[in-house]
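Throughout, residue positions are numbered sequentially from 1 according to the sequence presented.
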Amino acid sequence: QVDLVESGGGLVRAGGSLNLSCEADARTFNVYMMGWFRQAPGKEREFVAAISRTGDTTHYADSLKGRFTISRDVVRSTVYLQMNNLKPDDTAVYYCARSSTKQGLMSIAAMTPPPLGSWGRGIQVTVSS
(Lines give C-alpha, C1' and ligand atoms only; values in the text may rest on other atoms or scores of the structure.)
Protein backbone atom coordinates (compact mmCIF):
# COMPACT_ATOMS: atom_id res chain seq x y z
CA GLN A 1 0.00 0.00 0.00
CA VAL A 2 1.45 3.34 -1.06
CA ASP A 3 -0.39 6.30 0.37
CA LEU A 4 2.14 9.02 -0.37
CA VAL A 5 3.26 9.70 -3.95
CA GLU A 6 5.95 12.27 -4.68
CA SER A 7 6.42 14.07 -7.99
CA GLY A 8 8.13 17.12 -9.43
CA GLY A 9 11.74 16.11 -9.07
CA GLY A 10 14.34 16.19 -11.79
CA LEU A 11 17.55 17.81 -12.95
CA VAL A 12 18.08 21.54 -12.48
CA ARG A 13 21.04 23.87 -12.62
CA ALA A 14 22.36 25.58 -9.53
CA GLY A 15 20.28 28.66 -8.77
CA GLY A 16 17.17 27.11 -10.27
CA SER A 17 13.92 26.06 -8.62
CA LEU A 18 11.75 23.00 -8.28
CA ASN A 19 8.38 22.44 -6.67
CA LEU A 20 7.90 18.97 -5.26
CA SER A 21 4.43 17.56 -4.69
CA CYS A 22 3.26 14.74 -2.48
CA GLU A 23 -0.25 13.49 -3.02
CA ALA A 24 -1.79 11.79 -0.02
CA ASP A 25 -4.93 9.84 0.72
CA ALA A 26 -7.73 12.41 0.73
CA ARG A 27 -9.66 10.51 3.39
CA THR A 28 -6.97 11.04 6.00
CA PHE A 29 -5.07 14.09 4.73
CA ASN A 30 -6.41 16.43 7.41
CA VAL A 31 -5.51 14.00 10.19
CA TYR A 32 -1.75 14.18 9.76
CA MET A 33 1.14 16.52 10.06
CA MET A 34 3.18 16.27 6.85
CA GLY A 35 6.91 16.48 6.31
CA TRP A 36 9.75 16.28 3.83
CA PHE A 37 13.06 14.53 4.34
CA ARG A 38 15.99 13.91 2.04
CA GLN A 39 18.89 11.54 1.71
CA ALA A 40 21.98 12.14 -0.37
CA PRO A 41 24.26 9.28 -1.45
CA GLY A 42 26.44 8.15 1.43
CA LYS A 43 24.76 10.49 3.89
CA GLU A 44 22.24 10.19 6.68
CA ARG A 45 18.58 10.86 6.07
CA GLU A 46 17.84 14.44 7.16
CA PHE A 47 14.82 16.53 8.04
CA VAL A 48 13.85 19.23 5.55
CA ALA A 49 10.50 20.71 6.58
CA ALA A 50 7.17 19.95 8.23
CA ILE A 51 3.72 21.50 8.29
CA SER A 52 0.89 21.14 10.78
CA ARG A 53 -2.49 19.61 9.97
CA THR A 54 -4.06 23.02 9.50
CA GLY A 55 -1.08 24.51 7.70
CA ASP A 56 -0.65 27.34 10.19
CA THR A 57 2.63 26.09 11.63
CA THR A 58 5.75 25.18 9.70
CA HIS A 59 9.18 23.92 10.67
CA TYR A 60 12.38 23.98 8.66
CA ALA A 61 15.91 22.71 8.94
CA ASP A 62 17.95 25.75 9.93
CA SER A 63 20.22 25.42 6.92
CA LEU A 64 17.27 25.56 4.50
CA LYS A 65 15.28 28.45 5.91
CA GLY A 66 14.70 31.16 3.34
CA ARG A 67 15.18 28.87 0.35
CA PHE A 68 12.56 26.14 0.91
CA THR A 69 8.84 26.60 1.58
CA ILE A 70 6.41 23.90 2.61
CA SER A 71 2.66 24.25 2.05
CA ARG A 72 -0.42 22.07 1.82
CA ASP A 73 -3.62 22.10 -0.22
CA VAL A 74 -6.54 20.34 1.46
CA VAL A 75 -8.63 20.33 -1.74
CA ARG A 76 -5.92 18.40 -3.60
CA SER A 77 -4.78 16.49 -0.50
CA THR A 78 -1.26 17.47 -1.50
CA VAL A 79 1.74 18.88 0.31
CA TYR A 80 4.30 20.90 -1.60
CA LEU A 81 7.95 21.79 -1.19
CA GLN A 82 8.99 24.85 -3.15
CA MET A 83 12.78 24.87 -3.47
CA ASN A 84 14.52 28.01 -4.68
CA ASN A 85 18.15 28.93 -5.32
CA LEU A 86 19.05 25.27 -5.44
CA LYS A 87 22.62 24.20 -4.80
CA PRO A 88 24.52 21.04 -5.75
CA ASP A 89 24.43 20.05 -2.05
CA ASP A 90 20.63 19.84 -2.35
CA THR A 91 21.04 16.80 -4.59
CA ALA A 92 19.25 13.93 -2.89
CA VAL A 93 16.23 11.68 -2.92
CA TYR A 94 13.38 13.58 -1.31
CA TYR A 95 10.75 11.76 0.70
CA CYS A 96 7.33 12.77 1.89
CA ALA A 97 6.14 11.57 5.31
CA ARG A 98 3.12 11.86 7.56
CA SER A 99 2.52 11.47 11.27
CA SER A 100 0.47 12.89 14.09
CA THR A 101 3.35 14.95 15.45
CA LYS A 102 6.73 16.31 14.42
CA GLN A 103 8.38 13.85 16.77
CA GLY A 104 6.42 11.12 15.05
CA LEU A 105 7.80 12.28 11.70
CA MET A 106 11.33 12.12 13.07
CA SER A 107 10.72 8.65 14.47
CA ILE A 108 9.42 7.38 11.14
CA ALA A 109 12.38 8.87 9.32
CA ALA A 110 14.73 7.03 11.67
CA MET A 111 13.24 3.61 10.86
CA THR A 112 14.93 1.22 8.45
CA PRO A 113 12.96 1.05 6.32
CA PRO A 114 10.25 3.53 7.16
CA PRO A 115 6.71 2.11 6.83
CA LEU A 116 5.28 2.68 3.35
CA GLY A 117 1.93 3.85 4.67
CA SER A 118 3.66 6.83 6.32
CA TRP A 119 6.58 7.29 3.93
CA GLY A 120 6.71 7.84 0.19
CA ARG A 121 8.92 6.05 -2.29
CA GLY A 122 10.97 9.18 -2.89
CA ILE A 123 11.79 11.42 -5.83
CA GLN A 124 15.23 12.26 -7.17
CA VAL A 125 16.40 15.87 -7.23
CA THR A 126 19.71 16.56 -8.95
CA VAL A 127 21.30 19.99 -8.97
CA SER A 128 24.16 20.51 -11.39
CA SER A 129 26.88 23.09 -10.85
For residues [X] and [Y], report the shortest heavy-atom separation together with the two atoms involved.
X: G122; Y: V93; answer: CA-CG1, 3.8 Å
X: I51; Y: T58; answer: CG1-CG2, 3.8 Å
X: P115; Y: I108; answer: CD-CG2, 4.1 Å
X: F47; Y: K102; answer: CZ-CE, 4.0 Å

Please examine the side chains of [Y] and [X], heavy atoms only from C-beta on, and report whether any two atoms are closer than 4.5 Å.
X: V12; Y: T126; value: no
X: V79; Y: M33; value: no
X: D73; Y: Y80; value: yes
X: Y94; Y: M83; value: yes

Has [X] got a side-chain atom pairing as donor or acceptor with [Y]'s backbone, closer than 3.5 angstrom?
X: T91; Y: P88; result: yes
X: S52; Y: G55; result: yes
X: R67; Y: Q82; result: no
X: R53; Y: S100; result: no
X: R45; Y: A109; result: yes
X: S21; Y: G8; result: no
X: E6; Y: C96; result: yes

Taking only Lys NZ, Arg NE, NH1 and NH2, and the carboxylate oxygens of Asp or Glu, determine whether D89 and K87 approach each other closer than 4.0 Å. no
Let me confirm one number: the [atom1]-[atom2] distance from [X] to [Y], rounded to the nearest 0.5 Å.
X: N19; Y: F68; atom1: CG; atom2: CZ; result: 11.5 Å
X: W119; Y: L105; atom1: CH2; atom2: CG; result: 8.5 Å
X: H59; Y: I70; atom1: NE2; atom2: CD1; result: 9.5 Å
X: E46; Y: W36; atom1: CD; atom2: CH2; result: 14.5 Å
X: T78; Y: F29; atom1: OG1; atom2: CZ; result: 6.5 Å
X: L64; Y: D90; atom1: CG; atom2: CG; result: 6.5 Å

Taking the cut-offs as 6.0 angstrom to the six-membered ring centre and 45 degrees off its axis, would you call R121 and Y95 a cation-pi pair? no
Can you get from V31 to L4 by hopping between Ile, Leu, Val, Met, Phe, Trp and Tyr side chains that sit under 4.5 Å apart? yes
Do V127 and L81 sit in the same hydrophobic cluster, where Ile, Leu, Val, Met, Phe, Trp and Tyr count as joined when their side-chain heavy atoms come under 4.5 Å apart? yes
I'd like to know whether L86 forms a side chain to side chain contact (heavy atoms under 4.5 Å, CB included) with R13, so could you lay out the CA-CA distance, the side-chain angles of the two residues, the decisive distance to 0.1 Å, and finally the verdict. CA-CA 8 Å; L86 283 161; R13 289 189 175 183; over 6 Å; no
Determine whether more than 12 heavy atoms belonging to other residues, nucleotides or ligands lie under 6.0 Å from atom CD of Q39. yes
